[in-house]
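The sequence lines fix the lettering, A, B, ..., with proteins before strands; numbering per chain opens at 1. What you are looking at is a predicted structure, and each value in this text was computed from that prediction instead of being measured.
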There are 2 protein chains.
Amino acid sequence: MREIKKVEEKETAVTLSRFGVRPLSHRVAIYQYLLGTKNHPTADTIYTELKPSLPSLSRTTVYNVLNHLCEKGAVRRVTIEDHESRFDADIRDHIHFKCSQCQQVFDLFEVNFPRLEIPEGFSATSVQVNIEGVCPHCKSGR
Amino acid sequence: MREIKKVEEKETAVTLSRFGVRPLSHRVAIYQYLLGTKNHPTADTIYTELKPSLPSLSRTTVYNVLNHLCEKGAVRRVTIEDHESRFDADIRDHIHFKCSQCQQVFDLFEVNFPRLEIPEGFSATSVQVNIEGVCPHCKSGR
DNA sequence: ATATTTGCAAATAATTTGCAGTCGA
DNA sequence: TCGACTGCAAATTATTTGCAAATAT
């Protein structure tokens, strides 16, 4: 089992390298955590979840690493909350849905991502489509 | 001139009433300011701009009013910044473009707003489409 | 050996809250 | 008069910064 984890870490390291990110241990840990969740966690959630197994981890490093991963394009910053960033290691174009009741953020891969014609003169580096509403679970009476 | 301003204020008040917003003076002032700008200002910008002509205005009130206007649907919160809200009194569906160099947020009315098929079970109350990139002005060498 | 990364504590920034006073119907 | 609204100062939350120590190549 230990072995499997080691292998995963190595693969994650290779992936990070391809993004031009030096695979330092905390970076690998954070990236791996993001790959393994669909919850679009906040920096604080990542810190809280990882801290027990990585006691040396600091909040500053979480922020540093996330900013670096976003800059290098390995991770997407999801700007769907009013004043807090969420992060997503799935960099394929897809739509996010935020339930205004349970506050959860869902991926909507089943909805076609719109092809937009960017006007002359503008050049786009990223497109975010965010829907807000009520999720099936909350709709059916909590 | 004074007269014209009075008339505008009255019209704005009527509009607010239609949204179920009691047209108190600060609310009218903030809403009118938002109607008159295309800059998607932040709460702080609104406060700074309005303070000179409305010395009694407080930051708290700006936040209160903006939250209230958003709740009532008179104003849209634009979640395009990492950790600060912008506001838009134009509630027609349209796309926002943020230039990562000059930080300005543009309306892209010329781009068709996508029709999305929301999956069964979900119900949507709002859809935001945010593009990030470089604007024509910054592209042509600052 | 040198540049990069980290952790801590303090700083900053945006927003909310508690509460007492004020305004509007 | 009564409930809604306001302003102030303090609190809260998310994030960044300065700097010294640790680490990677």
Residues forming a side chain to side chain contact (heavy atoms under 4.5 Å, CB included) with B/Ser58, sequence neighbours excluded: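 For B/Ser58 the side chain to side chain contact (heavy atoms under 4.5 Å, CB included) partners, ignoring immediate neighbours, are B/Thr60, B/Thr61.
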[atom1] of [X] versus [atom2] of [N]: gap in Å, rounded?
{"X": "B/Glu81", "N": "D/dA14", "atom1": "CD", "atom2": "P", "answer": "18 Å"}
{"X": "B/Tyr31", "N": "D/dC5", "atom1": "OH", "atom2": "C1'", "answer": "20 Å"}
{"X": "B/Leu57", "N": "D/dC5", "atom1": "CG", "atom2": "P", "answer": "16 Å"}
{"X": "A/Ile80", "N": "D/dA14", "atom1": "CD1", "atom2": "P", "answer": "17 Å"}

Would you please name every residue forming a ring pair (Phe, Tyr, Trp, His ring centres under 6.0 Å) with A/Phe87, sequence neighbours left out?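 Here no residue qualifies.
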Nucleic acid footprint by protein, nucleotides 15-25 of chain D - heavy-atom cut-off 4.0 Å, B for base, S for sugar-phosphate alone: BBB------SS
Any donor-acceptor N or O pair under 3.5 Å, side chains A/Asn64, A/His26: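 Per modelled atom types, A/Asn64 and A/His26 side chains form no pair under 3.5 Å.
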Start at the 5' end of DNA chain C and walk down; is the nucleotide closest to A/Tyr47 or to A/His68 reached first?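 The answer here is A/His68.
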Acceptor/donor pairs from residues 13-25 of chain A side chains to any protein atom, 3.5 angstrom cut, sequence neighbours excluded:
{"residue": "A/Thr15", "atom": "OG1", "partner": "A/Glu11", "partner atom": "O", "Å": "2.9"}
{"residue": "A/Ser17", "atom": "OG", "partner": "A/Ala13", "partner atom": "O", "Å": "2.9"}

Please enumerate all residues that pass salt bridge (charged side-chain N to carboxylate O under 4.0 Å, His left out) together with B/Arg59, with sequence neighbours excluded.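 Result, salt bridge (charged side-chain N to carboxylate O under 4.0 Å, His left out) vs B/Arg59: B/Asp44.
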State which residues pass salt bridge (charged side-chain N to carboxylate O under 4.0 Å, His left out) with B/Asp93; sequence neighbours excluded, sorted by chain then number.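 In terms of salt bridge (charged side-chain N to carboxylate O under 4.0 Å, His left out), with neighbours along the sequence ignored, B/Asp93 is linked to B/Arg76.
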